[in-house]
K.L.:
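One structure follows; several queries about it will come next.
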There are 2 protein chains.
Amino acid sequence: MVLIRTCDLEPFQLTDGVPIMPTTTTMPTETAAQTLTDSGLRSTPQREVIYSILLNKRDHPTADEVYARVKTELPSISLATVYNCLETLVGCNLVRAVNFDREPTRYCPNLRPHAHFHDENLGSTYDIDLPPDLLEQIKAILPPGYNASSIEISFRGHTAPEAAQN
Amino acid sequence: MVLIRTCDLEPFQLTDGVPIMPTTTTMPTETAAQTLTDSGLRSTPQREVIYSILLNKRDHPTADEVYARVKTELPSISLATVYNCLETLVGCNLVRAVNFDREPTRYCPNLRPHAHFHDENLGSTYDIDLPPDLLEQIKAILPPGYNASSIEISFRGHTAPEAAQN
DNA sequence: AATTTATTTGGAATGGTTCTAATTCGCACT
DNA sequence: AGTGCGAATTAGAACCATTCCAAATAAATT
Ligand SMILES: [Mn+2]
Ligand SMILES: [Mn+2]
Ligand SMILES: [Zn+2]
Ligand SMILES: [Zn+2]
């Protein structure tokens with residue numbers, strides 16, 4: 001894995017030549033470290049590694065799954081720190097928390113407006129891109145006086161085997 | 001409160017002259033007892049009272065809130081039974097479980113397709129009716145091979161004081 | 001280097017929900 | 001109406017994802 005930098009601002013990680021970067025509407029203009037310090041927080045190895053783990057495998061892992069993955073890089077990290085870091089990353093809008101019913105919270109670095117599809121057979125979660133016009137239509141069903149700060153759309157169901165997923 | 005019966009099939013509860021009934025697209029054709037026995041389950045006082053409590057005050061109560069309300073009618077009921085009954089009512093599609101992030105599950109007797117708005121100030125939850133065509137448009141964003149068995153749409157935000165709620 | 005403040009850490013606590021095993025109930029069949 | 005049997009209720013224990021706590025460590029500031 002190699003760190004590259006585009007525009008002298010954005011450090012992206014290369015794995016097998018595939019650039020890994022946060023999925024934003026526009027190109028990201030800040031590194032995670034920048035976003036953290038901009039929010040008055042410190043850039044720590046734990047936060048950076050956890051963020052990179054979310055970027056590298058976007059399968060919406062739970063805190064436990066993140067814990068298992070980060071331990072290979074930071075063997076002495078604690079589960080409490082994983083929770084703390086994930087909360088911090090969510091707090092500065094680098095990551096989104098995704099919930100399905102009462103299952104453990106999952107974490108997603110995709111910052112574009114998108115819905116989630118949860119395959120009940122596989123337990124897998126997929127991103128479904130949300131057309132901007134549809135998002136507007138959905139917001140439009142709210143009666144006057146209802147001011148939404150966030151919208152969440154989630155599907156449950158099954159995926160056909162031929163719909164090849166990552 | 002008076003129990004009335006229309007069509008010799010549907011027992012509705014009258015509170016101050018206002019008929020209380022499940023909110024379905026069409027008029028309900030079965031009583032709760034019917035739906036239960038049709039599902040091979042028994043109609044018990046606990047199940048009936050809990051269902052009537054959900055119909056009478058549609059504020060999306062939690063299991064604890066249902067417990068507090070049902071105790072006035074069935075003082076010896078247990079919290080475990082409240083959970084059991086709610087699960088049973090959800091299982092035979094008389095009631096829907098509604099989740100906001102990791103908050104306690106709430107329960108809703110509105111069976112029409114609708115979204116939920118959660119007021120973060122008041123902690124209140126409101127039903128937002130969902131136009132059928134919009135529901136179709138939302139389903140249409142799924143790639144081929146993704147078969148959704150349920151869709152959930154939830155808003156978080158604040159309501160203006162003049163948007164008078166129940 | 002010393003001080004200050006933020007972060008990490010292990011372990012305990014929390015709280016909504018589920019599980020367990022005993023009791024009670026509803027219902028079908030005498 | 002009484003009996004038997006499976007279903008439902010009950011109290012309390014257990015579960016488990018998450019949060020809290022207080023001590024240790026690390027990062028920034030002086
Ligand atoms: Mn699942
Ligand atoms: Mn709330
Ligand atoms: Zn996602
Ligand atoms: Zn509802």
Side-chain angles (χ1 to χ4, degrees), chain A residues 32-51 53 60-68 70-71 73-92 94-107 118 123 125, chain B residues 31-51 53 60-71 73-92 94-107 118 123 125:
Chain A
Q34 263 306 318
T35 307
L36 285 166
T37 55
D38 288 357
S39 310
L41 301 165
R42 290 177 185 173
S43 168
T44 67
Q46 291 88 345
R47 287 170 177 171
E48 295 289 345
V49 170
I50 286 176
Y51 182 57
I53 279 170
H60 302 83
T62 63
D64 270 322
E65 288 165 347
V66 171
Y67 182 44
V70 69
K71 267 196 292 195
E73 274 188 76
L74 302 173
S76 65
I77 199 173
S78 74
L79 180 57
T81 298
V82 172
Y83 275 103
N84 288 342
C85 291
L86 289 170
E87 186 184 20
T88 299
L89 293 171
V90 169
C92 62
L94 285 166
V95 167
R96 310 242 288 228
V98 177
N99 286 284
F100 290 96
D101 299 343
R102 305 232 96 233
E103 293 181 20
T105 300
R106 299 176 170 279
Y107 296 89
H118 187 72
T125 300
Chain B
T31 179
Q34 264 305 319
T35 306
L36 285 167
T37 55
D38 288 357
S39 311
L41 302 164
R42 290 179 184 170
S43 167
T44 66
Q46 291 87 346
R47 288 171 177 170
E48 296 289 346
V49 170
I50 286 175
Y51 182 56
I53 279 168
H60 301 85
T62 63
D64 271 322
E65 288 165 348
V66 171
Y67 182 44
R69 292 176 198 179
V70 70
K71 267 196 292 195
E73 275 190 75
L74 302 173
S76 65
I77 198 172
S78 74
L79 180 57
T81 298
V82 172
Y83 274 104
N84 289 340
C85 292
L86 289 170
E87 186 184 19
T88 298
L89 293 171
V90 169
C92 60
L94 284 166
V95 167
R96 312 245 287 227
V98 177
N99 285 285
F100 289 96
D101 299 343
R102 306 233 94 231
E103 293 181 18
T105 300
R106 298 175 171 280
Y107 296 89
H118 187 73
T125 299

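This is a predicted model, so every value here is computed, not measured. What you see below is based on every heavy atom in this structure, not just the backbone, and it leaves out hydrogens, waters and symmetry mates.
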K.L.:
Nearest whole Å is fine: how far is dA17(D) P from L86(A) CG?
P.N.:
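Between P of dA17(D) and CG of L86(A): 15 Å.
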K.L.:
Establish, with yes or no, whether the OP1 or OP2 oxygen of dA8(D) is under 4.0 angstrom from a side-chain nitrogen or oxygen of R47(B).
P.N.:
yes
K.L.:
With a 4.0 Å limit, can you tell me whether T81(B) has a side-chain N or O closer than that to the phosphate oxygens OP1/OP2 of dA8(D)?
P.N.:
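Looking at the OP1 and OP2 atoms of dA8(D), neither is under 4.0 Å from any side-chain N or O of T81(B).
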K.L.:
Measuring to OP1 and OP2 of dT18(D), would you say a side-chain N or O of R102(B) lies under 4.0 angstrom away?
P.N.:
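Looking at the OP1 and OP2 atoms of dT18(D), one of them is under 4.0 Å from a side-chain N or O of R102(B).
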K.L.:
Okay, side chain of T31(B), backbone of Q34(B): is any donor-acceptor separation there less than 3.5 Å?
P.N.:
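Not at all, since once roles are kept as given, no pair shorter than 3.5 Å links the two residues.
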K.L.:
Backbone N or O of R102(A) within a donor-acceptor pair of the R102(B) side chain at under 3.5 Å?
P.N.:
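Judged by distance alone, yes, a pair lies under 3.5 Å.
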K.L.:
If you take all heavy atoms of L41(A) and R47(A), which pair is closest and at what distance?
P.N.:
CB-NH1, 3.8 Å
K.L.:
Return the nearest nucleotide to the side chain of A63(B); candidates are dT17(C), dA6(C), dT10(D).
P.N.:
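From the listed options, dT17(C) comes nearest.
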K.L.:
With the side chain of A80(B) defined as its heavy atoms from C-beta on, choose the nearest nucleotide among dT9(D), dC20(D), dC19(C).
P.N.:
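Closest nucleotide among those given: dC19(C).
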K.L.:
I need the CG-P distance between L36(B) and dG26(C), as an integer number of Å.
P.N.:
14 Å
K.L.:
Identify whether any heavy atom of T44(A) sits under 4.0 Å from a base atom; if not, whether one sits that close to sugar-phosphate; answer base, sugar-phosphate or nothing.
P.N.:
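If one applies the 4.0 Å heavy-atom cut-off, T44(A) turns out to touch the sugar-phosphate alone, with no base involved.
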K.L.:
Contact class for Q46(A) vs. all strands (heavy atom < 4.0 Å): base, sugar-phosphate, or nothing?
P.N.:
sugar-phosphate
K.L.:
Looking only at heavy atoms, which two atoms of V66(B) and P61(B) are closest? And how far apart?
P.N.:
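Closest pair (atom of V66(B), atom of P61(B), distance): CG2-CG, 3.7 Å.
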K.L.:
Grab the CG-P distance between D101(A) and dG16(C) for me, whole Å please.
P.N.:
18 Å
K.L.:
Figure out the CZ/P separation between R42(A) and dA28(D), and round it to whole Å.
P.N.:
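R42(A) atom CZ is separated from dA28(D) atom P by 6 Å.
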K.L.:
How is T62(A) classified with respect to the nucleic acid when contacts are heavy atoms under 4.0 Å: base, sugar-phosphate, or nothing?
P.N.:
nothing
K.L.:
Quick check: on DNA chain C, is the nucleotide nearest P104(B) upstream (toward 5') of the one nearest T37(B), or the reverse? Name the residue that is more 5'.
P.N.:
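That would be P104(B).
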K.L.:
Look at all strands and tell whether S76(A) reaches a base, only sugar-phosphate, or nothing, counting heavy atoms closer than 4.0 Å.
P.N.:
sugar-phosphate
K.L.:
Measure from the side-chain heavy atoms of L79(B) and tell me the nearest of dT17(C), dT9(D), dG12(D).
P.N.:
dT17(C)
K.L.:
Ignoring hydrogens, what is the shortest heavy-atom contact between H118(B) and G123(B)? Give both atom names and the distance.
P.N.:
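That would be CE1-O, 3.6 Å.
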K.L.:
Contact class for T105(A) (heavy atom, under 4.0 Å): base, sugar-phosphate, or nothing?
P.N.:
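It contacts sugar-phosphate atoms only.
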K.L.:
Can you tell me how far P of dG15(C) sits from OH of Y67(B), to the nearest Å?
P.N.:
17 Å
K.L.:
Nearest whole angstrom, please: distance from the P of dG16(C) to the CD of E65(B).
P.N.:
11 Å
K.L.:
Please check the phosphate of dT18(C) (OP1 and OP2 only) for any side-chain N or O of Y83(B) closer than 4.0 Å.
P.N.:
no
K.L.:
How close or far is atom C1' of dT10(D) from atom CG of L74(B), stated in whole angstroms?
P.N.:
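To the nearest whole Å, that distance equals 13 Å.
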K.L.:
Might you point out which heavy atoms bring I50(A) and V82(A) nearest each other, and give the distance in Å?
P.N.:
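Closest approach of I50(A) to V82(A): CD1-CA, 3.9 Å.
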K.L.:
In whole angstrom, give the distance that lies between atom CD1 of I77(A) and atom P of dT7(C).
P.N.:
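The answer, rounded to whole Å, is 14 Å.
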